[in-house]
Number of protein chains: 2
Amino acid sequence: MPPTAARADTRHGPRKRAGNGAVPRSDADGVGLDALVGHAGYAVRRFQIWIFQDFIKTLGEVDIRPTQYSVLTVIGANPGLSQMAVAKRLGIERARLVHLLDSLEQRKLVKRIKSKEDRRSHALHLTAQGETALEKFKRLAAEHERHVEAKIGKENRAQLLRILSGFT
Amino acid sequence: MPPTAARADTRHGPRKRAGNGAVPRSDADGVGLDALVGHAGYAVRRFQIWIFQDFIKTLGEVDIRPTQYSVLTVIGANPGLSQMAVAKRLGIERARLVHLLDSLEQRKLVKRIKSKEDRRSHALHLTAQGETALEKFKRLAAEHERHVEAKIGKENRAQLLRILSGFT
DNA sequence: GCCAATTGTTGTCGTCAACAACAATCTTTC
DNA sequence: GAAAGATTGTTGTTGACGACAACAATTGGC
């Protein structure tokens with residue numbers, strides 16, 4: 001968020017401090033965030049909203065959302081996985097994956113093949129159409145990643161990936 | 001990601017590569033993430049899920065969720081703000097803030113006071129009960145923040161806040 | 001004074017996490 | 001080998017959340 005000229009805000013009452021003598025942090029609108037500054041979760045939430053919106057917009061022409069993209073890449077890199085394995089790997093519930101796969105299967109990008117070894121489970125594969133489509137998705141995702149670099153800087157993006165590598 | 005011994009996974013079909021000749025990255029389950037590794041959005045999403053779950057658990061005894069906490073701290077640091085100002089500052093919709101405030105007002109933590117200057121808007125204040133409650137919430141939130149430090153390291157957390165400071 | 005904009009509110013829609021229940025199917029155990 | 005328990009995919013519900021659209025009351029520009 002670039003700094004902007006201060007405008008009149010809609011505050012009604014007088015500015016008052018909570019109790020300690022610290023100077024309140026304020027943004028361009030004059031609204032202080034107080035304890036929120038210094039909370040990793042708040043910064044991460046705001047960043048995640050921005051990054052997802054850019055991803056959705058950048059891959060808007062092919063109508064692929066972040067979760068769909070993650071499912072496709074995992075299946076593409078590991079053909080034959082069961083739904084349970086994909087769900088566990090991506091940290092999504094198997095109940096949620098059912099709907100995701102329903103959608104992707106309708107679009108002829110993925111197919112569920114009944115497993116011979118375990119007749120409860122399905123082996124997941126990309127269709128031929130899904131393979132070529134995924135190549136395009138990856139190009140668009142790379143473009144999105146360049147937007148991230150442009151936003152926070154190449155060095156910072158690399159550091160971010162390093163810091164959070166334990167969560168992937 | 002440290003290399004780990006591969007275990008038997010639930011894959012049904014044979015491992016196959018997409019198209020390029022790269023070696024697939026794999027986790028402890030032997031399930032490769034392929035293109036997902038190197039995507040900032042994926043790492044951030046996983047981290048955000050972890051951090052929110054820890055926040056919710058750490059503040060579970062007082063039943064305060066991250067968004068509620070952010071609303072309370074902003075009002076506490078800027079008494080008299082209108083709903084519009086709070087919503088804009090936190091990046092939430094004013095329609096969503098209505099329900100959040102309904103809940104917080106029922107719990108006697110916040111009060112809406114009809115403004116004299118602009119009779120469309122409400123001046124938001126913490127109740128006396130809300131002030132003391134927020135102090136406790138802040139202590140618990142600080143405890144949560146120590147969990148984050150323990151998870152990713154003190155240095156990394158500081159770098160993260162620096163990198164993402166533009167989004168708060 | 002009139003028209004446009006703003007504020008709070010209500011409502012709908014879609015995404016997503018968290019559960020719970022269920023049938024079909026494996027696996028363990030006796 | 002049969003009974004008991006666990007797993008897989010599926011369906012459904014609940015609640016938090018973002019995005020939109022409409023509305024009445026009120027304000028401000030002109």
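Atom set for the values below is all heavy atoms of this structure, side chains included, hydrogens, waters and symmetry mates excluded.
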Notebook entry, point to check: Taking atom P of C:dG14 as reference, at what distance in whole Å does atom CG of A:Asp63 sit?
Noted result: 13 Å
Notebook entry, point to check: If you check every side-chain atom of A:Arg120, which of D:dC20, C:dT15, C:dC26 has the closest atom?
Noted result: C:dC26
Next item on the list: Quickly work out the A:Ile56 CD1 to C:dG14 C1' distance and round it to whole Å.
Entry: 11 Å
Check: Rounded to the Å, how far apart are A:Arg96 CZ and D:dT10 C1'?
Finding: 15 Å
Item checked: B:His122, nearest nucleotide to its side chain (from D:dG9, C:dG8, D:dT26) -> C:dG8
Check: Within the pair B:Thr67 and D:dC17, is there a side-chain N or O less than 4.0 Å away from OP1 or OP2?
Finding: yes
Notebook entry, point to check: Where the side chain of A:Ser82 is defined as all heavy atoms beyond and including C-beta, which of C:dG8, D:dG18, D:dG9 is the nearest nucleotide?
Noted result: D:dG9
Item checked: Whole angstrom value for the distance that separates P of C:dC16 from CZ of A:Phe55 -> 11 Å
Notebook entry, point to check: If you check every side-chain atom of B:Arg112, which of C:dT15, C:dT9, D:dG9 has the closest atom?
Noted result: C:dT9
Note to self: In this structure, how many angstroms lie between the P atom of C:dT10 and the CG atom of B:Leu97, rounded?
What the structure shows: 13 Å
Next item on the list: Take the angle between the ring planes of A:Phe55 and A:His144 and call it parallel below 30°, perpendicular above 60°, tilted in between.
Entry: perpendicular
Checklist line | Working for ring pair (Phe, Tyr, Trp, His ring centres under 6.0 Å), residues A:Phe47 and B:Phe167 | finding: CA-CA 6 Å; A:Phe47 181 55; B:Phe167 291 90; 4.9 Å; yes
Check: Which nucleotide, C:dT10, D:dG18, D:dT26, lies nearest any side-chain atom of A:Ile49?
Finding: D:dG18
Next item on the list: Taking only the side-chain heavy atoms of B:Arg65 (C-beta and beyond), determine which of C:dT15, D:dA16, C:dG8 contains the nearest atom.
Entry: D:dA16
Notebook entry, point to check: Roughly how many Å is it from CZ in B:Phe52 to P in C:dC16, rounded to a whole number?
Noted result: 16 Å
Next item on the list: Could you tell me the separation between the NE2 atom of B:His99 and the C1' atom of C:dG8, rounded to a whole number of Å?
Entry: 11 Å
Notebook entry, point to check: Judged by modelled atom types alone, do A:Thr127 and A:Gln129 share a side-chain donor-acceptor pair under 3.5 Å?
Noted result: no
Check: B:Glu93 side chain: which of D:dC20, D:dT10, C:dA17 is closest?
Finding: D:dC20
Next item on the list: Would you classify A:Gln53 as touching base, sugar-phosphate or nothing, given that sugar-phosphate means primed atoms plus P, OP1 and OP2, and contacts are heavy atoms under 4.0 Å?
Entry: sugar-phosphate
Next item on the list: Using whole Å, report how far CG of B:Asp102 lies from P of C:dG11.
Entry: 12 Å
Margin query: Name the residue from B:Leu126, B:Leu100, B:Asp102 that meets the side-chain contact (heavy atoms from CB on, under 4.5 Å) definition with B:Val110.
Written below: B:Leu126
Check: Is any N or O donor-acceptor pair between the side chain of B:Arg119 and the base of D:dT26 shorter than 3.5 Å?
Finding: no
Notebook entry, point to check: For B:Gln83 and C:dT9, is the shortest distance between a side-chain N/O and OP1 or OP2 below 4.0 Å?
Noted result: yes
Notebook entry, point to check: Just to confirm, is there a sub-4.0 Å distance from OP1 or OP2 of C:dA17 to any side-chain nitrogen or oxygen of A:Arg94?
Noted result: no
Checklist line | 5' priority, DNA chain C, between A:Ala95 and A:Leu100 [closest heavy atom] | finding: A:Leu100
Check: Is there side-chain contact between B:Arg162 and A:Gln159, with at least one heavy-atom pair below 4.5 Å?
Finding: yes
Item checked: Hphob cluster co-occupancy, B:Leu140 + B:Leu104, side-chain heavy atoms under 4.5 angstrom -> yes
